[in-house]
Structures are given as C-alpha cells and as structure tokens.
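Below is one structure; the comments refer to it alone.
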There are 2 protein chains.
Amino acid sequence: MTRRRKNFRPEDRRNQIFDCAQQLFQTKGYSRTSINDIMNIAGVSKGAFYHHFDSKEAMVDGLLRRYADQIRGAYDAVLETQGLSALDRYKLHLQILRDRQALAEPQSMMLIIASLLNEEDSGFQDRLMEEIVAAVVPVFAEVLRLGIEDGVFLIDDPVTAAPLIVRIANQHRYVLKTAFGIKSAEDQKAVVKKIEDSLKMQGLAIDRLLGIPDGTTQLRHVNYASDFVANLHAK
Amino acid sequence: MTRRRKNFRPEDRRNQIFDCAQQLFQTKGYSRTSINDIMNIAGVSKGAFYHHFDSKEAMVDGLLRRYADQIRGAYDAVLETQGLSALDRYKLHLQILRDRQALAEPQSMMLIIASLLNEEDSGFQDRLMEEIVAAVVPVFAEVLRLGIEDGVFLIDDPVTAAPLIVRIANQHRYVLKTAFGIKSAEDQKAVVKKIEDSLKMQGLAIDRLLGIPDGTTQLRHVNYASDFVANLHAK
DNA sequence: ACAAACATACCGACGGTCGGTATTGATATG
DNA sequence: CATATCAATACCGACCGTCGGTATGTTTGT
C-alpha cells in the first residue's frame, strides 16, 4: 500500500535504509535484526530492498563503509595540518580519534555496544573494526614515517607497525565485554578500574613500541570509563 | 556406567560428533556447515544430535572447549616445571605455544585457516581466539608476576598485561588473511615477507612492553611463514 | 519397567528469488 | 508547446529452499 515518493532519489532511499538498519542494530543487535525488520521500519518492500542491495551482506558493507567514511572525513586533517612536529602530529592523531570517540557516543558507539551483548555478533564487530583500521592506517602510517625520519619513533617499518598499533588500541572492545553483568555499586567501581587499567596498559604498549615516554599515548578522555559504565547502567 | 547400543558411551558419541563437525568446519568453513551436514557425516539423526547438545551453539562451545583443553594440557607444564629463572620460564611459555602451533598444523590450525576464507566466519574465529586466551592467560599472568618480582619485566600489573600480550600475538590472524589471493611466485615471496615482518613487529611490541631486549620474543618457528604459504598453495 | 538413546515428521523464521506493476524522464511526434 | 511513446528504473508481495529447533514416537540396555 505504501506509495512511491517521487522526490526520492536512489541515494536517499539507500541512506534511509541504512538509517533504519543502524537504528535496529543499535536497539536489538545485529544478528537479531532481520531484513523483514528493516523493511518494515523503513516502510519498504522486500523487492525494493533487493533492488537497492544485492544481499544483506552487501547492505551491511555499505553501512560500514558509510561509517568509515565519516571517520576519514575528520581524520584526514592529521596530514593536512601544516607546521607540526612529528610528536605533535602523533598527538593530533590521538586527539582526533579520541574526540570522534566521545562524539560518537551514543550514536555509533552504541553499534559496538549492542553487538557486544551477543556473542553471535562478534563477526559484525570484527568487520566494523577492520573498516576502522582500513580508514585510519594509511594516514597513521605516514604519521609514523614522519616521526621515524625525525628520530622520534624508534622503529623501522611504519607500514607494519601502523595496523598493529591501531589494533592494540581496538583491543579495548574485549575489555568492555566485562562491563555487562554489573549489579552492585562495587562491581561498577571495579569494572571502571579494570577498563582504565586496560586502557593505560594499551597506551603503555604503544608508547614503548614507539620508544616514546610512558604515558604519552592517551587513548580515551579521562572520564571515558566511568561515563561508559554510567551510561550503560542508565539503560 | 550405562552402556548403550554399539558399545557407544554418551561421551564417545559426543566426541564423534565433535570430530565430524571439526572436519566439516575445516573443509567447508563454519558458516557453510549446517547441523544436517554434521548429522549426515556422523551417521546420526537430528534427535540424537539434540539429545546430546542443547543447540548448535552449545555444540560449538563444547568443540572449542575441547580444543582449549588440549592447549591447557600441554601448557600447564609452564608452571609445573621447577627451578627455572623468570626469563627462562617465559621462554618455555613461548616454546610450548610455538611447538603446539607447529603440531597443530594442519589439524586445528586449519580450523582458523578455513574460517579466514569467509568473512562470515570471523565470529567463529573470534570465539576460538577467546577460548585460547582464556586457556593461556591464567598461567601466563603468573609467569609475568614471577618475572616482575625478579625485576626482569618492567611492568606493574601482570593480570592486565597478560591478555593484552596474548591478543597482540593473536593479531597474527589478520595478517594471514592477506595470504589468500596469491597468484604469482612473487606474490608468494611478498606475502611471506609480510607475515614475517608482522610477526617480528608483534614480538618487538611485546619485548618493549615487558622491557626485555628486542628480539627476545619469538612467536613462531623460523620457517613458519614460508611453510604456511607453501601449504596453502598446495591446495 | 523405565529411562536413556535414538528416529522421524514437522514448524516458523530467515535470506533470497521471481514475475509483475507503477513511475519516471528522455525523446519523438502532432 | 503539448502530448504520445517507451525503455529504464523503482518498487511490490507471493513464493521457495534451507536452516535451527521441537514434538512425539520408538528402540535398547539394565
């Protein structure tokens, strides 16, 4: 019965479907969301869905690509900014990813959080993380190369180091899993500490690999862990 | 205790189903393997399957647990061996995991390789890796603690460091993905180098986090990368 | 006899396909 | 300038095979 909207360009429809899918993934998780669910929320028939996407997987690819492109948009400033020392450029890189992280809460961060709840969704999580790696690594490898030239970073292969470091930072997600199943306030405190300890250790691993002073790499804002746990508890 | 038809104890049936499932996962990948496939290969009815397992997920859990228990069996020697220096104990830990890795080829390593082929199977991969982490971390954390006591490792929190380090080592799997799609012999050489570079960088990250000399941590045997690529090419 | 160990028929949900219809914009024509 | 034409595009909804899972009946060992 749904009538066709004549002002809709194909791209708009695709984005509309993306939006609905993302919303559903956030609220009920990836694996629990069927194409029928997405269809119904979007007010679109199955035929329409498969007109715009070859498969469910292809749709998810498009959604993740769109997400990664948003990161690229903000992150490309790392190389575009002029007149920075190698270490300052590295710190800018950290800051942009930190800020993005803070902004993305709850928008896109909830994508990850929701998928953390179900073991089945770890594949989705993995794909999301790899999209992020693909977006960040090319720029970050150049940041490392510049720092190696200046003698700031004590490694010899930025292209190999870049994905390793980004994935060390992304190990974060395994620790967040423990944040579920919190009951008492003491649990809450313990989990906050565990997340903070883990973040510190990740930063330490990166600092020492690069040969820069302990504590240089701050992966999240100071209140990240407590905010995360508080947010989680509120729902 | 209770002996049933064909001399089959319940545990034997379970292991038989595990074996068939593992074989199928290796040959055609996890997501492409249905319960019906497993039933048919095992020569068992659906009723029998669901008599022994609550769900497909439960069966997979059991299979992964069995795999992790095999690791535990060999790995527990790390703490049982007496009279070792902290660094030698750490090296023993590395050696046992390296040897196990070499032995496990093609047996259980193929589990990972097969799941690397399909993007859809990354969830399965993730679960496998987390089982390994759960098996290794308790012992490894103690190894680290002993080394910290002796002033060999320059960190202060073995319980946080242990899973981080194990997962750095497991990052390996992301690099292996690039080994597919090899055509020319030059490709082959380049991929071998890429795998070796990555392994070296992972070892370096661990060495420097722990504060031990560069090159101490050898994650695989020397011919691992070339053997892997050669094996892959043979099929 | 009785429970464990199976077997079989069946179910609903899922991703995906298919034949068909409505809408559109470009172009040809009166 | 208005309109008929028409292929491409956007969309619909019934239908299909497969999957994980269940309900219920049957065999087998003790």
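Letters A, B, ... are given to chains in the order of the sequence lines, protein chains preceding strands, and every chain is numbered from 1.
Using a 4.0 Å cut-off between charged nitrogen and carboxylate oxygen, D19(B) and R66(B) count as a salt-bridge pair.
Rounded to whole Å, atom P of dC12(D) lies 15 Å from atom CD1 of I35(A). The CZ-P distance, from R14(B) to dA4(C), rounds to 16 Å in whole Å. Spacing between atom CD1 of I38(B) and atom C1' of dT18(D) amounts to 15 Å, rounded to whole angstrom units. F49(A) has its CZ atom 13 Å from the P atom of dC12(D), to the nearest Å. In this structure, CG of N36(A) is placed 16 Å from P of dG12(C), rounded to the nearest angstrom. Atom CE in M39(A) sits about 9 Å away from atom P in dC12(D), given to the nearest Å. Between the P atom of dA10(D) and the CG atom of D54(A) lies a distance of 14 Å, rounded to the nearest Å.
A centroid separation of 6.0 Å or more is found between the aromatic rings of F18(A) and F25(A). Checked against the 6.0 Å centroid threshold, H172(B) and F228(B) do not count as a close aromatic pair.
For dC6(C), the OP1/OP2 oxygens have no side-chain nitrogen or oxygen of H51(B) closer than 4.0 Å. Between dC11(D) and H52(A), a contact under 4.0 Å exists linking OP1 or OP2 to a side-chain N or O.
Of the candidates dC12(D), dG16(C), dC14(C), dC12(D) carries the atom nearest the V44(A) side chain, counting heavy atoms from C-beta on. Of the candidates dG16(C), dC11(D), dT22(D), dT22(D) carries the atom nearest the Y50(B) side chain, counting heavy atoms from C-beta on.
Of the residues near DNA chain C, G47(B) and G47(A), the one whose nearest nucleotide (by heavy atom distance) lies more toward the 5' end is G47(B).
By the 6.0 Å and 45° rule, K56(B) stacks over the aromatic ring of Y30(B).
Judged by distance alone, with hydrogens and angles left aside, K46(B) brings a side-chain donor or acceptor within reach of the base of dG21(D), the pair sitting under 3.5 Å.
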